[in-house]
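A short write-up of the structure that comes next.
This chain uses plain numbering: 1 for the first residue, then up along the sequence.
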Amino acid sequence: MLRGGVIGTEWSMSVRGIDSHDAASHWRTTLDYRITPKLAGGIEFNPHTREVQPRATWFISPQRGELPSVVLGASADRLSTPRGHAVFLTFARSDSKSPISPFVSLKYSTDAGQFAVPFGANLRLGKEITLQSIYDGNYTHLLLTKGFGSSSFSLIFARTRHWGFQVSYGF
């Protein structure tokens, strides 16, 4: 989402579909609005459950020197839990000399009333092509993403069992 240290577009929208029998994770549409250069808020909508949930992402601090970037956010966590919200604090590092960018989070799930420590890494494979591996505290997911400027397409292997896709567009 960040370009030059700020959220790159005023609006962003995504649609995700997962080949799963779980209605909570099968479809998701998001719409976010850039409130400030580093804060976005929006909604998530699931047509199967008719659930509408608020979401927010605050890029607290960009990466500086040896310090990681810091992001605070809240979203419906449907790939990991069937209900409620996830509130997360994520720390990430990237280095222009390395194709690997690790991250770690502290996540609180309102559904389970528990904390988890998601972690993973992004592997830069080429210009605007990234492979992400993430353990979300319950499941492992793989995402292969190709960027196209302010839009992207991801092939998803959710819970290492279910294939899916995500299309994102910024405007």
Side-chain angles (χ1 to χ4, degrees), residues 1-9 12-20 25 28 30 32 34 36-40 42 44 55-81 85-109 112 114-170:
M1 285 180 79
L2 290 184
R3 293 175 187 251
V6 298
I7 298 171
T9 60
S12 62
M13 180 179 169
S14 71
V15 175
R16 181 184 74 197
I18 304 291
D19 182 26
S20 167
S25 65
R28 176 178 87 158
T30 66
D32 292 322
R34 180 184 64 209
T36 73
K38 294 185 180 185
L39 175 65
E44 296 182 31
R55 51 185 275 121
T57 306
W58 177 27
F59 295 92
I60 296 171
S61 175
Q63 179 176 307
R64 290 191 183 118
E66 295 301 314
L67 297 175
S69 63
V70 182
V71 179
L72 178 65
S75 72
D77 187 17
R78 295 301 172 256
L79 287 179
S80 188
T81 60
H85 257 73
V87 178
F88 57 89
L89 182 65
T90 302
F91 301 89
R93 287 272 309 143
S94 64
D95 182 344
S96 61
K97 297 174 189 169
S98 173
I100 301 172
S101 301
F103 58 89
V104 64
S105 294
L106 179 61
K107 176 180 81 171
Y108 177 75
S109 168
Q114 296 178 331
F115 284 95
V117 182
F119 61 90
N122 292 302
L123 175 61
R124 192 173 51 247
L125 300 175
K127 185 176 180 171
E128 295 199 57
I129 301 173
T130 304
L131 176 64
Q132 181 182 74
S133 176
I134 180 172
Y135 175 71
D136 68 13
N138 293 309
Y139 303 100
T140 299
H141 315 286
L142 300 172
L143 291 85
L144 180 62
T145 301
K146 170 63 176 142
F148 302 93
S150 61
S151 63
S152 66
F153 177 82
S154 298
L155 180 62
I156 302 170
F157 193 38
R159 301 179 182 172
T160 58
R161 283 189 302 216
H162 307 290
W163 289 101
F165 72 93
Q166 179 166 303
V167 178
S168 301
Y169 181 71

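- The side-chain heavy atoms of R93 and E66, taken from C-beta on, include a pair separated by under 4.5 Å.
- Separating the OG atom in S69 from the CD1 atom in I60 is a distance of 10.0 Å, to the nearest 0.5 Å.
- Judged purely by atom type and a 3.5 angstrom limit, S98 has no side-chain atom pairing as donor or acceptor with the backbone of D95.
- Separating the CZ atom in R55 from the CG atom in D32 is a distance of 4.0 Å, to the nearest 0.5 Å.
- Pairs engaging residues 154-168 under the side chain to side chain donor-acceptor pair (under 3.5 Å) rule: T145-S154, Q166-S168 [sequence neighbours left out].
- For the atom pair F119 CZ and D136 CG, the distance stands at 10.0 Å (nearest 0.5 Å).
- Nearest heavy-atom pair across F88 and A74 is CE2-N, 3.7 Å.
- Looking at every heavy atom in both residues, L79 comes nearest to A158 through CD2-CB, 4.1 Å.
- Minimum heavy-atom separation, S133 to F103: O-CZ, 4.0 Å.
- Put simply, the side chain of L143 does not reach to within 4.5 Å of the side chain of T130, judged on heavy atoms.
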Item to complete: Kindly determine whether M13 and T30 satisfy side chain to side chain contact (heavy atoms under 4.5 Å, CB included), including the steps that lead there.
Response: CA-CA 5 Å; M13 180 179 169; T30 66; 5.8 Å; no
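- Take S101 and apply the side chain to side chain contact (heavy atoms under 4.5 Å, CB included) test, not counting sequence neighbours, and it matches S94, N122.
- Remark: K38 engages no residue in a side-chain hydrogen bond (donor to acceptor under 3.5 Å, both in side chains) (not counting sequence neighbours).
- From K107, atom NZ reaches atom OG of S75 across 8.5 Å, with rounding to the nearest 0.5 Å.
- Taking both residues in full, the closest heavy atoms of A112 and S109 are given as N-OG, 3.3 Å, listed atom of the first, atom of the second, then distance.
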Fill in: Evaluation steps, side chain to side chain contact (heavy atoms under 4.5 Å, CB included), between Q63 and F91
CA-CA 9 Å; Q63 179 176 307; F91 301 89; over 6 Å; no
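- From F157, atom CZ reaches atom OG1 of T140 across 10.5 Å, with rounding to the nearest 0.5 Å.
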Item to complete: Give the C-alpha distance, both sets of side-chain angles, the deciding distance and a yes or no for side chain to side chain contact (heavy atoms under 4.5 Å, CB included) between I156 and I18.
Response: CA-CA 8 Å; I156 302 170; I18 304 291; 3.9 Å; yes
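- The shortest non-hydrogen separation linking S25 to S20 is OG-OG, 3.6 Å.
- Partners of F115 under the ring pair (Phe, Tyr, Trp, His ring centres under 6.0 Å) rule, at least two apart in sequence or in another chain, are Y108.
- Atom CG in L142 sits 6.0 Å away from atom CG in L131 (nearest 0.5 Å).
- Using a distance-only test at 3.5 Å, with no hydrogens or angles considered, no donor-acceptor pair links the side chain of E44 to the main chain of R28.
- Considering only residues two or more places apart in sequence or on other chains, D19 meets the side-chain hydrogen bond (donor to acceptor under 3.5 Å, both in side chains) condition with none of them.
- Classification of the F165-F153 ring pair by plane angle, with boundaries at 30° and 60°, yields parallel.
- With a 4.5 Å cut-off on side-chain heavy atoms, T57 and V71 count as touching.
- Screening residues 137-152 for salt bridge (Lys or Arg N to Asp or Glu O under 4.0 Å), with sequence neighbours left out, gives no hits.
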